[in-house]
Amino acid sequence: MLESSATVVWRLMAIDLLLKDGLVILQGKPTKRSIAIVGHTIEGIYSDGEEPPAKEVMDCTGMYVLPGMIDMHVHLRDLNQSYKEDYDSGTRAAAAGGVTTVVDMPNSVPPVLSRSVLDMKINRARKQRFVNVGFYAGIPRDVTAFDTALVGDILGIKVYPHAPLAGGVTWNSSRIHAALQLSSKYNLPLLFHPDLARGKAASITEFFSKHSCKEEANAVAMFVAALQEVGGHLHVCHVSCASAAELIMKSRAEEILTAEVTPHHLFLSRDDIHGQDGTSKVLPPLRSRQDREVLWYMLCKRCAIDCVASDHAPHTRDEKMRDFAEALSGLPGLETTVPLMITAVLEKRMTWADYLRTCCYLPARILGLRGKGILAKGFDADIVVVSPEEYEIQGDTFFSKARVTPFEGRHVKAKPVMTIVEGQIVYDHGRFVVGPGLVGCVPVRKR
Ligand code: DOR
Ligand code: ZN
């Protein structure tokens, strides 16, 4: 009997991996489909009975099959702060958390202000990677000394007013203008930490009054005013206050003003700070319940906040368990973000369309990663398989070196069980099935 032409094409295509009978989100609803992968790329999505033959078949019955999260705000440390996190532990945490692309912040030690430091980070990340890793650079004291050799290999420029990137400078309007001119000239987003308050706070009360919502809204207002004059692309990191989110909503113009929110600002409030240690100490700080509700509204109903990013900021147990005033700010987020956000979908706080937009599609778009963030034919095969199972978050199960989490003990209803990067399974039910440095693109570049 003659083979049908479709069968002949399939033979020639040689499907490498078929994720069979999973729940793919089509038109906003989980729908049983199979995903075929050839090399690094999604070859097609097939209904039951229409799947092509494949070299390897993974049964995904009852599991959600989703694009991996693109986490555009993580601190993977490494270099002189490898004791907090390195590219091995940080990208394992990403893969285990359902995150297939991370973008690494430049406030490392040493900070990313020159091509030579970026090269050190790229080399180390290449050897240790389990997912795709992109990079940002900081801005030197003298903005005109910005190292242009960084440009092809970074995805954005970060304004961070604290050590080690503070540089003893004041973010006045001429410096903000100069930073936005860099964004405009090199067509890169200017990522901005909206809090210009400096110095250490001696108590919890002082910490909250120093890093207040007024401070956040003022900082956003200053940068937005400059954006309106200079142009460029301003991305506001971790919006935490209703007032700042409202300001962003009023000032949004297509493509040039974008914003992110963290899971800790969506799920926690100041009322969740128990005890005197630094478990929940983070910048920007946790805010009121009312702020939290406005953030959800701005993310899902008004789209004034584009996306979710973890702001994974690892510190050691000792650095977190000190008295609040002495503890360091920052929380691990790579292993909790996808479970928390999908739990929000399953509990009907947000829709599947909201999840895909805020955790996958828009981060890719903001960063200019055209082949990522969507599960469709021709896109990169960066995929997570998520089991709808309930479990308790436990920091001591994290692959990250940072295991103190304010989400300790929280029940979630979604567990990433298999992570596929560039078409290859890297993580499968708690185990890494490839060695470090074999899968993933470093550095991720715009395309
Ligand atoms: O709490 C924070 N920690 N907020 C930041 O923006 C930076 C981060 C860090 O690098 O530790
Ligand atoms: Zn950060």
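Counting convention: from 1, in listed order, for ligands and their atoms alike. Only a predicted model underlies this, so the values are computations on that prediction, with no experimental measurement involved.
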What atoms of ligand 1 come within less than 4.0 Å of a heavy atom belonging to [X]?
X: His238; value: 6 (O)
X: His75; value: 7 (C), 10 (O)
X: Gly330; value: 1 (O), 2 (C), 3 (N)
X: Ala313; value: 3 (N), 8 (C), 9 (C), 11 (O)

Carboxylate-amine/guanidinium contact [X] [Y], below 4.0 Å:
X: Lys372; Y: Asp380; answer: yes
X: Asp277; Y: Lys320; answer: no
X: Arg252; Y: Asp306; answer: yes
X: Asp428; Y: Arg431; answer: no
X: Lys84; Y: Glu319; answer: yes

Is it the case that ligand 1 has an N or O less than 3.5 angstrom from some N or O of [X]?
X: Pro284; answer: no
X: Lys281; answer: no
X: Val282; answer: no

Query raised in the report: Among side-chain atoms of His177 and Ser174, is any donor-acceptor pair under 3.5 angstrom?
Result: no
Query - Donor + acceptor pair across side chains of Thr258, His233 (<3.5 Å) - result: yes
Identity and separation of the nearest protein heavy atom to [atom]:
atom: atom 7 (C) of ligand 1; answer: Tyr160 OH, 3.2 Å
atom: atom 4 (N) of ligand 1; answer: Leu283 O, 2.8 Å
atom: atom 3 (N) of ligand 1; answer: Ser329 O, 3.0 Å

Report task. Check whether the SG atoms of Cys213 and Cys241 are less than 2.5 Å apart, and answer yes or no. Result -> yes
Query - Residue selection (non-hydrogen contact nearest atom 6 (O) of ligand 1) among Lys84, His193, His315 - result: His193
Query - Partners meeting ring-ring contact (aromatic ring centres under 6.0 Å, His included) with Phe407 (sequence neighbours left out) - result: none
Query raised in the report: Taking only residues two or more places apart in sequence, or in another chain, which ones meet His315 in a ring-ring contact (aromatic ring centres under 6.0 Å, His included)?
Result: none
Query raised in the report: What's within reach of the Zn ion (ligand 2), meaning protein N/O/S atoms under 2.8 Å?
Result: His73 NE2, His75 NE2, Asp311 OD1
Query raised in the report: Side chain, backbone, both or neither: which part of Leu331 comes within less than 4.0 Å of ligand 1 when only heavy atoms are counted?
Result: neither
Query raised in the report: Which is it for Arg77 and ligand 1 at heavy atoms under 4.0 Å: side chain, backbone, both or neither?
Result: side chain
Requested in this report: Scan for ring-ring contact (aromatic ring centres under 6.0 Å, His included) pairs involving residues 109-138, sequence neighbours excluded, and state none if there are none.
Outcome: Phe130-Phe432
Report summary line: Closest heavy-atom pair, Pro30 versus Trp352, reported as atoms and distance to 0.1 Å, is CG-NE1, 3.6 Å
Report task. For residues His193 and His238, establish whether the separation of their ring centroids is below 6.0 Å. Result -> yes
Query raised in the report: Going by heavy atoms, is His162 under 4.0 Å from ligand 1?
Result: no
